[in-house]
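Note that these values count all heavy atoms, side chains included, but never hydrogens, waters or copies made by symmetry. Every number for a ligand or one of its atoms is a count from 1 in the order of the listing. Here, residue 1 is the first one in the sequence, and each next residue gets the next number. Keep in mind it's a predicted model, so treat the numbers as computed, not measured.
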Amino acid sequence: MTTMAPDAGTQDDVAYEAQFNAAVTAEERIEPRDWMPDAYRASLVRQIAQHAHSEIIGMQPEANWITRAPSLRRKAILMAKVQDEAGHGLYLYSAAETLGTSRDELLDRLHSGRQKYSSIFNYPTLTWADVGAIGWLVDGAAITNQVPLCRCSYGPYARAMVRICKEESFHQRQGYELLLALSQGTEAQHAMAQDAVNRWWWPSLMMFGPPDDESAHSAQSMAWRIKRHSNDELRQRFVDICVPQADSLGLTLPDPDLTWDEERGHYAFGPIDWDEFREVLRGNGPCNEQRINQRRTAHEEGAWVREAATAYATKQAERSRHGYRAPHDPQQGDTQEEDIA
Ligand code: FAQ
């Protein structure tokens with residue numbers, strides 16, 4: 001889409017809104033400098049920021065196991081995965097910044113509890129098998145939810161999602177492979193894998209958000225083509241994918257009501273404990289306090305990095321304004337080598 005934000009008085013908002021709606025209907029991408037309704041901008045900032053917060057808070061449960069990974073190979077894989085999640089946070093905060101909010105402001109909203117992050121990251125990782133269950137189920141749910149976001153109407157978010165989904169796919173596979181190794185291992189390893197799946201299954205279904213009839217944003221987000229499917233549709237898709245995968249893993253899903261519904265062509269599943277979901281969102285999950293405290297501490301302890309990066313950027317900007325690099329002056333320690341280091 002090419003309609004630029006209007007100069008005052010050139011065209012009224014009604015006409016711009018009509019053009020915006022036509023672009024969305026025609027599956028054109030909305031770009032940062034295009035005109036967009038304030039509510040569209042606000043809803044995108046809300047969703048993208050909460051997604052970014054989920055990625056960086058989501059580093060904590062698995063990072064808990066990096067020092068205790070059972071082999072060098074597992075440790076290298078897990079470190080790469082956790083680093084990817086930091087990267088996803090970075091792409092997403094950058095996408096949110098294109099809508100006119102700063103990363104500082106978004107982090108402030110997270111730290112002060114004004115913005116949410118995914119409920120799933122408020123559960124503890126009790127055993128090594130939890131790393132596998134997170135990869136298989138949590139990343140699996142994330143991919144199911146996020147592949148349609150690659151077609152989101154807002155360009156920067158959609159493009160960020162393409163790369164994120166590729167990486168999530170690797171994450172999901174490593175989790176599946178880890179669980180398979182445990183499931184086919186000793187009796188105790190199999191039991192550990194089963195226990196992890198039992199604990200992560202229901203919270204993974206909650207990741208898709210409240211049921212459609214309680215979802216405040218779905219209808220508008222789908223009309224704007226931010227979301228492409230409802231929460232319940234994606235949840236059902238995830239269940240349908242997981243049932244045969246659990247079978248191949250030699251594990252069971254902790255739901256006695258899970259049965260194939262011939263008529264609908266989907267698996268029927270038991271009731272989700274939405275009271276538990278609401279409690280977690282209110283801050284009363286098993287790890288809410290620990291997660292947010294650790295995040296705030298990490299932010300405070302990283303202040304010196306932000307200050308150094310800002311000082312460096314200011315110095316670089318100063319230099320490029322003057323069009324030259326300062327000559328080597330050992331007294332000032334102002335050398336190119338130091339800059340590179
Ligand atoms: N947890 O009206 P809806 C990952 C909130 S990334 C907490 O249905 P919407 C990668 C919702 O925000 C996981 N809050 O909302 C990874 C809203 O609150 P608000 C995150 C939730 O936006 C893997 C209110 O409830 N993924 O896992 C949850 O239409 C492994 C009403 O809900 C994304 O963020 C929840 N589960 O649909 C990282 C994907 N569900 O804003 C590390 C992008 C709902 O009014 C390790 N986001 N809420 O205060 C989305 O697709 C959507 O925003 C939904 C919610 C589907 C999450």
- Taking atom types as modelled, is there a side-chain donor on Tyr91 or Arg163 under 3.5 Å from an acceptor on the other? yes

- Salt bridge flag under 4.0 Å for residues Asp84 and Lys81: no

- When you check the gap from the basic side-chain N to the acidic O, do Asp240 and Arg237 get nearer than 4.0 Å? no

- Message: Under the rule for salt bridge (charged side-chain N to carboxylate O under 4.0 Å, His left out), what residues qualify as partners of Arg228, not counting sequence neighbours?
- Response: Glu27

- Where does the angle between the aromatic ring planes of Tyr93 and His53 fall among parallel (under 30°), tilted (30 to 60°) and perpendicular (over 60°)? tilted

- Message: Does any part of the side chain of Ile226, heavy atoms only, come nearer than 4.5 Å to the side chain of Ser153, both counted from C-beta?
- Response: yes

- Output the set of protein residues with a heavy-atom contact under 4.0 Å to ligand 1, ordered first by chain identifier and then by residue number. Arg46, Gln47, Gln50, His51, Ser54, Glu55, Gly58, Glu62, Lys81, Glu85, Lys116, Tyr117, Ser118, Ser119, Phe121, Val138, Asp139, Ala142, Asn145, Gln146, Leu149, Tyr157, Glu168, Met206, Met207, Phe208, Gly209, Pro210, Ser215, Ala216, His217, Ser218, Lys227, Asn231, Phe277, Leu281

